[in-house]
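Quick caveat, the model's predicted, so the values are computed rather than measured. Heads up: numbering here begins at 1 and tracks the sequence.
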Amino acid sequence: MLSQSSDFKSSDFAVDDCHFRLFYLDTMINFDVVQDHIIRPLLHHTDAVSVREAVSILDYIETDILSVGSKALVKGKTVLQIDGEAKLYLLGTELKKERSVNIPVNERVLRGSNEALIEKLDTNLNLMRKLIATPDLVVKYYQLGRRSDTRVAVLYLRSVANEDVVMEFERRIGSIDIDYVEAPGFLKELIQERKFSLFPQILVSERPDRVRSYLMDGKIAILTDGSPDCLMVPVSFWAFFQSPDDYQINWLFGSTLRFLRVVSFILAISLPGAYVALVTFDPRIIPFEILLTLQSSMQYVGMPPVLEAIFMLVTLEILREATVRLSSPIGQTIGVVGGIVIGTVVVQSNLISTMMVVVIAFTAVASFIIPSYEMSIAARLLPYPSIVLSATFGLIGFELYLLLVLTHLARLHTMGIPFFYSGFSGDSIRDTIFRGPLRSLKKRPKESLAQDETRIKASGGKTE
């Protein structure tokens with residue numbers, strides 16, 4: 001299978017009458033390990049001993065299946081064959097090249113851990129084992145991808161996670177049949193229930209401390225070799241507005257920030273549509289002083305409000321994409337200069353009204369507050385149907401849009417559990433829209449369906 005690969009090598013050596021042959025990929029192995037822990041021990045053991053007794057390598061497998069040996073080669077193992085035997089010895093000699101554990105890039109916090117997951121699965125599992133030092137933490141391996149053979153690890157706490165949810169997840173991940181897995185995108189689409197929903201149903205994080213908190217709540221975490229992101233299920237709609245910062249500061253300020261995120265999300269998905277509906281169909285609802293300001297800003301603008309809003313939103317997305325794709329110094333310059341130049345030119349040329357620029361700018365800033373990138377994307381796409389319905393039917397179309405969004409959220413499920421869990425009930429509101437005092441968070445989240453619902457016990461071991 002590997003005979004056409006230039007990095008496939010073989011090496012022969014003999015000890016007395018015993019002839020050995022090594023097969024390996026020279027781009028995948030650590031030559032020092034091969035020399036010190038395989039060749040030298042075999043040369044020194046002139047008496048009849050087994051390979052297991054001679055070599056000093058923990059990762060040791062015996063097989064007589066050639067395809068297993070081929071897969072081991074591409075993973076960095078060295079295959080040892082003894083002349084006259086049909087058995088192959090697979091010895092772990094992988095060359096480990098990985099970047100060091102660094103600070104989170106997409107989930108910055110002012111208080112808390114500064115460690116982030118990396119692309120190496122074993123390192124990520126090491127981080128999680130150190131954070132959750134209990135034998136109750138279960139790690140299960142899966143091999144996904146007929147050609148890529150990607151290693152995936154599933155983590156959960158045995159005594160906390162719901163057994164039915166774990167079985168359902170194992171059924172879904174076991175039914176995946178694909179050539180290769182590109183994590184986390186492929187796994188999210190293959191596991192989640194509603195494929196065409198704009199709302200994310202699986203939470204993605206690069207922070208080990210955040211993964212730990214969700215595991216402690218009875219959720220399931222999925223780590224993939226080659227990806228620095230972790231997937232977590234099941235989660236509710238409110239989980240996408242939570243940040244590790246909320247639990248590191250005073251609960252009153254944490255509640256204020258979380259409520260601000262929820263309000264900002266509502267404004268991000270509804271403000272452009274509400275503005276278009278008001279100025280197009282129902283300007284009489286607007287207070288007279290504000291209406292005079294709007295009239296003066298729209299007096300010489302020939303473009304209808306619906307086209308103004310769509311044009312500005314598309315322009316903003318172009319600037320965002322340019323900022324992300326270019327290198328950091330150039331991207332930041334393009335974002336600032338492009339925003340100032342375009343905003344000034346479109347207003348001075350009477351293409352866009354000044355109030356529309358303010359509305360779209362506020363909408364963009366509101367979408368940036370959301371901690372989850374996936375939910376932020378949903379907030380960036382949802383204004384478009386809002387604008388179209390509001391421009392067509394006015395405030396009735398805007399109300400219809402809000403009704404459709406709420407109905408869609410109510411129909412969503414994640415791992416068979418309702419996604420839009422009520423955040424207004426007595427127990428739920430303490431850690432959904434608001435972040436209550438720590439002593440009031442006695443129960444784990446409802447969407448986890450945890451076996452052990454109690455998180456905090458009163459002194460003396462009694463549950464309050």
Side-chain angles (χ1 to χ4, degrees), residues 105-108 182 184-186 188-189 195-200 204 206 229 240-241 261 263-280 294 297-298 300-392 397-398 401 405:
V105 176
N106 300 317
E107 295 178 84
R108 297 287 184 90
E182 187 72 37
F186 282 21
K188 283 198 302 180
E189 289 196 28
K195 314 298 182 185
F196 299 101
S197 175
L198 287 178
F199 292 98
V204 182
E206 62 177 349
D229 296 311
F240 294 90
F241 301 95
R261 296 185 200 116
V263 172
S264 296
F265 174 78
I266 296 173
L267 289 175
I269 68 173
S270 60
L271 186 58
Y275 176 78
V276 170
L278 288 174
V279 300
T280 305
L294 291 177
S297 68
M298 299 173 61
Y300 301 105
V301 177
M303 192 180 296
V306 58
L307 294 182
E308 284 186 81
I310 293 177
F311 173 79
M312 287 302 298
L313 285 173
V314 172
T315 303
L316 184 62
E317 289 300 325
I318 293 173
L319 285 174
R320 277 175 172 169
E321 194 68 14
T323 305
V324 171
R325 301 307 165 192
L326 291 173
S327 59
S328 295
I330 301 176
Q332 294 174 1
T333 304
I334 290 293
V336 174
V337 175
I340 294 174
V341 171
I342 293 176
T344 304
V345 170
V346 295
V347 171
Q348 291 182 349
S349 60
N350 292 325
L351 287 175
I352 306 294
S353 64
T354 54
M355 186 58 69
M356 180 61 75
V357 174
V358 172
V359 168
I360 298 302
F362 191 84
T363 301
V365 173
S367 69
F368 291 147
I369 297 178
I370 304 171
S372 169
Y373 175 68
E374 286 74 18
M375 188 60 77
S376 177
I377 292 176
R380 288 156 54 181
L381 293 177
L382 283 171
Y384 293 98
S386 168
I387 293 170
V388 172
L389 286 173
S390 299
T392 306
F398 179 69
Y401 159 77
V405 171

- By side chain to side chain donor-acceptor pair (under 3.5 Å) - contacts of Glu321 (at least two apart):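 By the side chain to side chain donor-acceptor pair (under 3.5 Å) rule, Glu321 matches Arg325.
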[X] [atom1] to [Y] [atom2] distance, which is reported to the nearest 0.5 Å:
| X | Y | atom1 | atom2 | result |
| --- | --- | --- | --- | --- |
| Leu313 | Ile360 | CG | CD1 | 4.0 Å |
| Ile387 | Thr280 | CD1 | OG1 | 10.5 Å |
| Leu381 | Leu198 | CG | CG | 5.5 Å |
| Tyr373 | Asn106 | OH | CG | 9.0 Å |
| Ile269 | Ser264 | CD1 | OG | 11.5 Å |
| Ile370 | Arg261 | CD1 | CZ | 10.5 Å |

Donor-acceptor pair, distance only, cut-off 3.5 Å: does the side chain of [X] make one with the backbone of [Y]?
| X | Y | value |
| --- | --- | --- |
| Ser270 | Ile266 | yes |
| Glu308 | Met356 | no |
| Glu374 | Val204 | no |

If you look at every heavy atom in [X] and [Y], which pair is closest and at what distance?
| X | Y | answer |
| --- | --- | --- |
| Lys195 | Glu189 | NZ-O, 2.7 Å |
| Val276 | Ala309 | CG2-CB, 4.1 Å |
| Leu351 | Met303 | O-CB, 3.8 Å |
| Glu206 | Asp229 | CB-OD1, 4.0 Å |
| Ile352 | Val301 | C-CG2, 4.0 Å |
| Ser367 | Arg380 | OG-CG, 4.2 Å |

| So which of Tyr275, Phe398, Tyr401 actually passes side chain to side chain contact (heavy atoms under 4.5 Å, CB included) with Ser390? |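 For Ser390, the side chain to side chain contact (heavy atoms under 4.5 Å, CB included) check succeeds only for Phe398.
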Ile318 and side chain to side chain contact (heavy atoms under 4.5 Å, CB included): which partner among Val314, Leu316, Thr315?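 Per the side chain to side chain contact (heavy atoms under 4.5 Å, CB included) rule, the option paired with Ile318 is Val314, out of Val314, Leu316, Thr315.
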Phe186: which residues meet the ring pair (Phe, Tyr, Trp, His ring centres under 6.0 Å) condition with it, sequence neighbours left out?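 Partners of Phe186 by the ring pair (Phe, Tyr, Trp, His ring centres under 6.0 Å) criterion, ordered by chain and then number, come out as Tyr180.
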Exercise. Kindly determine whether Thr354 and Val358 satisfy side chain to side chain contact (heavy atoms under 4.5 Å, CB included), including the steps that lead there.
Key: CA-CA 6 Å; Thr354 54; Val358 172; 5.6 Å; no
Check your understanding: Checking side chain to side chain contact (heavy atoms under 4.5 Å, CB included) for the pair Tyr384/Leu389: CA distance, chi angles, key distance, verdict?
Key -> CA-CA 9 Å; Tyr384 293 98; Leu389 286 173; over 6 Å; no
